[in-house]
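Computation of the quantities below employed the complete heavy-atom set of this structure, encompassing side-chain atoms and omitting hydrogens, waters and symmetry-equivalent molecules.
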Amino acid sequence: MKLFQYGVILHPTEDEKKAGKSSVLVLGIATVLAPDQNGAVMQAARAIPEEHMDKLDRLEIAVRPF
């Protein structure tokens, strides 16, 4: 197992951008153990709050190894 950190970012729609909104952090930085980067992405995806599940096309999962 390897150590990874991840965060989940919600990006605004084009209309929201025009209204002055910017990207927001949905999940702050979390540290996990996973066999590889794909495993860390899966853990991040499972941690996304239910209220954001209808916006999956605007979510970005950022993962980095230690």
Atom pair CZ/NZ of F66 and K2 - distance to nearest 0.5 Å:
14.5 Å
Working to the nearest 0.5 angstrom, can you tell me the gap between K17 NZ and S23 OG?
7.0 Å
Say you draw a straight line from CG of D15 to NZ of K21; how long is it, rounded to the nearest 0.5 Å?
11.0 Å
Identify the two heavy atoms, one from V26 and one from H52, that lie closest to each other, and give their separation to 0.1 Å.
CG1-CD2, 3.4 Å
Q43 side chain to L33 backbone, donor-acceptor under 3.5 Å
yes
To the nearest 0.5 Å, what is the distance between CG (D57) and NE2 (H11)?
11.0 Å
Are I48 and L59 packed together at the side-chain level, in the sense that at least one heavy-atom pair is separated by less than 4.5 angstrom?
yes
Where A34 and A40 come nearest, the two heavy atoms and their spacing
CB-N, 3.5 Å
Stepwise side chain to side chain contact (heavy atoms under 4.5 Å, CB included) test for Q37 and F4
CA-CA 8 Å; Q37 188 160 343; F4 292 89; 4.0 Å; yes
Does one hydrophobic cluster hold both L56 and V8, with members joined at side-chain heavy-atom distances below 4.5 Å?
yes
Does R58 reach the main-chain N or O of L10 with its side chain, forming a donor-acceptor pair under 3.5 Å?
no
Which heavy atom of A47 sits nearest to which heavy atom of L27, and what is that distance?
O-CD1, 3.4 Å
Using 0.5 Å steps for rounding, measure from the CG atom of L25 to the CD atom of E60.
10.5 Å
OH (Y6) and CD1 (I61) are apart, to the nearest 0.5 Å, by 9.0 Å
Do V24 and P12 have side chains that get closer than 4.5 Å, going by heavy atoms?
no
